[in-house]
2 protein chains.
Amino acid sequence: MTEISKTEFEVLEAIWQGHPASAQQIIERLNDTKPWHEKTVKTLLNRMVKKDAISFEKVQRSYFYSPLFARDEYTFKESKSLLERMFSGRLSPLVSHFVKSDELTKDDINELKDLINQWEKDNG
Amino acid sequence: MTEISKTEFEVLEAIWQGHPASAQQIIERLNDTKPWHEKTVKTLLNRMVKKDAISFEKVQRSYFYSPLFARDEYTFKESKSLLERMFSGRLSPLVSHFVKSDELTKDDINELKDLINQWEKDNG
DNA sequence: TAGTTAAGACTACAATTGTAATCATTATTT
DNA sequence: AAATAATGATTACAATTGTAGTCTTAACTA
């Protein structure tokens, strides 16, 4: 898959919200959270087209963009990369950090338990 | 904390293995895994000194480097940053990826269960 | 129809990054 | 003492990134 910068990822998020999306729509979505300069967004869109992260269809004067990979696919790849680089590819050292840091709520813990139950049902 | 590139992080890893460490020692450690050019490593060391990621003490001609923050501190910060950026700061969507992807072993699952038990003992 | 907009293309430009080579200086070896 | 080697400092240089500005062209407006 393509290498995406953090800023490019933010723009991609706006596209994943719904596509094909025009530059205008994308800019509006982005501005819901924080101010983005139109030119900046256009540049980022351009770059992502060039690096095959998104595609576009031309409708009259304007383009409608779509992602070339799913959000899940990308976030999973990035997560694995981080685990690889800092935890020898293992999940529990990362989880351990959070568990021990007082950052988790009872709900978070319950979600984790559900996931584990799911795994145990599916596997051994 | 300081912004560290992925490559700089690899060099830092070698320092975390034991410090203060001379450039030579660091280069040797790095070469255990893959070939690194001496000049490249020296450049990275220099940059990290400048960005206050590591310090050094001069002993004769050479420097002995030490990290200015702990490995745990850094990996946790990076993990949180990734969760923040791609999972609204929540842990379970990330764990969910792994649980569902057939990437976990029974041992991994047991480790997670232990962590959860630990949390439950400490909290609620 | 002439002027103004709006789209995207192209250009800009400094900071960071990866990857070294060269320079200056101090040890060390003949 | 002179030559050589080893250290870190400085310089190099292209690619990527963040952040826009300018240019070209098509479309809308007065």
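Chain letters run A, B, ... following the sequence lines, proteins first, then strands; residues in each count from 1. The figures that follow rest on heavy atoms only: side chains count, while hydrogens, waters and symmetry mates do not.
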Legend entry - Atom-pair distance (CG on A:L44; P on C:dG8), nearest Å: 14 Å

Inset, instruction - Look at the side chain of B:R47 against the base of C:dT19 and say whether a donor-acceptor pair falls under 3.5 Å; ignore hydrogens and angles. - result: yes

Inset, instruction - Measure the shortest side-chain to side-chain distance between A:W119 and A:L115 over non-hydrogen atoms and say whether it is less than 4.5 angstrom. - result: no

Legend entry - N or O in side chain of A:S5 less than 4.0 angstrom from D:dG18 OP1/OP2: yes

Legend entry - Pair of N/O donor and acceptor under 3.5 Å linking D:dA20 base with A:T40 side chain: no

Inset, instruction - Return no unless some side-chain N or O of A:K39 is found under 4.0 Å from OP1 or OP2 of D:dG21. - result: no

Legend entry - Whole-Å gap separating P (C:dA6) and CD (A:Q25): 17 Å

Legend entry - Nucleotide D:dG8, atom P - distance to CG of B:L45 in whole Å: 8 Å

Inset, instruction - May I have the distance from A:H37 (atom NE2) to C:dA7 (atom P), rounded to whole angstrom? - result: 14 Å

Legend entry - Any B:N46 side-chain nitrogen or oxygen under 4.0 Å from OP1 or OP2 of D:dG8: no

Legend entry - Candidates C:dC10, C:dG8, C:dT19 - which lies nearest the side chain of B:T43: C:dT19

Inset, instruction - May I ask you to say what A:Q24 touches in the nucleic acid, namely base, sugar-phosphate or nothing, with a heavy-atom cut-off under 4.0 Å? - result: sugar-phosphate

Legend entry - Nearest-Å distance for atom pair CD/C1', residues B:E38 and D:dA6: 8 Å

Inset, instruction - To the nearest Å, give me how far apart CE (B:M48) and C1' (D:dG8) are. - result: 15 Å

Legend entry - 5' precedence on DNA chain D between A:I4 and B:A23 (nearest-nucleotide basis): B:A23

Give the table of side-chain donor-acceptor pairs shorter than 3.5 Å for residues 48-68 of chain B, with sequence neighbours excluded, one pair per line with atom names and distance.
{"unit_1": "B:K51", "atom_1": "NZ", "unit_2": "B:E3", "atom_2": "O", "d": "3.2"}
{"unit_1": "B:K51", "atom_1": "NZ", "unit_2": "B:E8", "atom_2": "OE1", "d": "2.9"}
{"unit_1": "B:K51", "atom_1": "NZ", "unit_2": "B:E8", "atom_2": "OE2", "d": "3.2"}

Inset, instruction - Whole angstrom is fine here: how far is it from CD in B:E3 over to P in C:dT16? - result: 10 Å

Inset, instruction - Using atom types as modelled and distance alone, determine if a side-chain donor or acceptor of A:E78 lies under 3.5 Å from a backbone N or O of A:T75. - result: no

Inset, instruction - Show your working on side chain to side chain contact (heavy atoms under 4.5 Å, CB included) between B:K106 and A:E120 and close with a plain yes or no. - result: CA-CA 9 Å; B:K106 185 66 195 158; A:E120 292 187 322; 3.0 Å; yes

Legend entry - A:T43 and A:N46 side chains, donor-acceptor separation under 3.5 Å: no

Inset, instruction - Could you check how far CD1 of B:I26 sits from C1' of D:dG8, rounded to whole Å? - result: 13 Å

Inset, instruction - Decide whether B:S81 and B:K77 meet the rule of one side-chain donor and one side-chain acceptor closer than 3.5 Å. - result: no

Legend entry - DNA chain D-proximal residues of residues 51-69 of chain A, any heavy atom under 4.0 Å: A:K51, A:R61

Legend entry - Sidechain-backbone polar pair: A:R71 side chain, B:M86 backbone, donor-acceptor under 3.5 Å: yes

